[in-house]
Amino acid sequence: MSRLYGDPIDVWTHDGLPVRFVWRDRLHTVRRVLDHWVVAREWWKISDSDPGERRFWRVEADPGDRIGTYELRFDTAAEGWLLIRAWD
């Protein structure tokens, strides 16, 4: 079962891939990227140079006590990350 969140998170990347993130004051280490996709919508653009993209990653990550599955989103306009969904 999954739960929706939309919480802002801090993410560290390497070669464009998320490798660690902090959610609810806990450091999560990404063990494996399960999926990656990009969604582009014209109405998300805030300028002519903005591609209007949202980049999504579904990852397995370890917060220290067990591995979980998480969906992360990067907003190219705001240059910010959100934790969108987590699976039990």
Side-chain angles (χ1 to χ4, degrees):
M1 178 163 143
S2 69
R3 297 178 195 265
L4 294 174
Y5 292 97
D7 294 344
I9 56 173
D10 292 319
V11 178
W12 289 264
T13 62
H14 180 70
D15 292 333
L17 299 174
V19 293
R20 274 181 257 134
F21 61 93
V22 173
W23 179 49
R24 296 186 172 175
D25 297 323
R26 294 184 72 188
L27 178 65
H28 293 66
T29 301
V30 174
R31 300 296 181 197
R32 183 167 62 133
V33 173
L34 302 173
D35 200 3
H36 173 253
W37 65 97
V38 177
V39 177
R41 299 286 188 257
E42 188 66 30
W43 64 83
W44 286 339
K45 290 184 167 196
I46 61 170
S47 70
D48 289 336
S49 62
D50 177 14
E53 291 179 350
R54 304 299 189 263
R55 299 177 187 165
F56 295 84
W57 283 265
R58 186 165 297 142
V59 300
E60 284 184 349
D62 182 357
D65 54 354
R66 63 181 175 85
I67 292 178
T69 302
Y70 304 89
E71 188 172 293
L72 314 179
R73 185 185 91 186
F74 179 73
D75 180 341
T76 57
E79 295 188 2
W81 288 87
L82 297 174
L83 186 130
I84 298 297
R85 184 183 306 258
W87 282 263
D88 294 337

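All values below were derived from every heavy atom in this structure, side-chain atoms included, with hydrogens, water molecules and symmetry-related copies excluded.
Within 6.0 Å of atom CZ in Arg3, 12 or fewer heavy atoms from other residues, nucleotides or ligands are found, so the atom counts as exposed in its surroundings.
Side-chain contact check for Thr29 and Arg20: no donor-acceptor pair (N or O, by modelled atom type) lies under 3.5 Å.
Atom CD1 of Ile84 and atom CD of Glu71 lie 6.5 Å apart (nearest 0.5 Å).
When all heavy atoms of Pro63 and Ala61 are compared, the pair lying nearest together is CD-O, 3.6 Å.
For the pair His28 (side chain) and Arg26 (backbone), a donor-acceptor distance under 3.5 Å is present.
Counting heavy atoms from C-beta outward, Ile67 and Arg31 have side chains that approach closer than 4.5 Å.
Considering only residues two or more places apart in sequence or on other chains, Thr69 meets the side chain to side chain contact (heavy atoms under 4.5 Å, CB included) condition with Leu34, Arg58, Glu60, Trp87.
Counting side-chain heavy-atom gaps under 4.5 Å among Ile, Leu, Val, Met, Phe, Trp and Tyr, the cluster of Tyr70 also holds Tyr5, Ile9, Val11, Leu17, Phe21, Trp23, Val30, Val33, Trp57, Val59, Leu72, Phe74, Trp81, Leu83.
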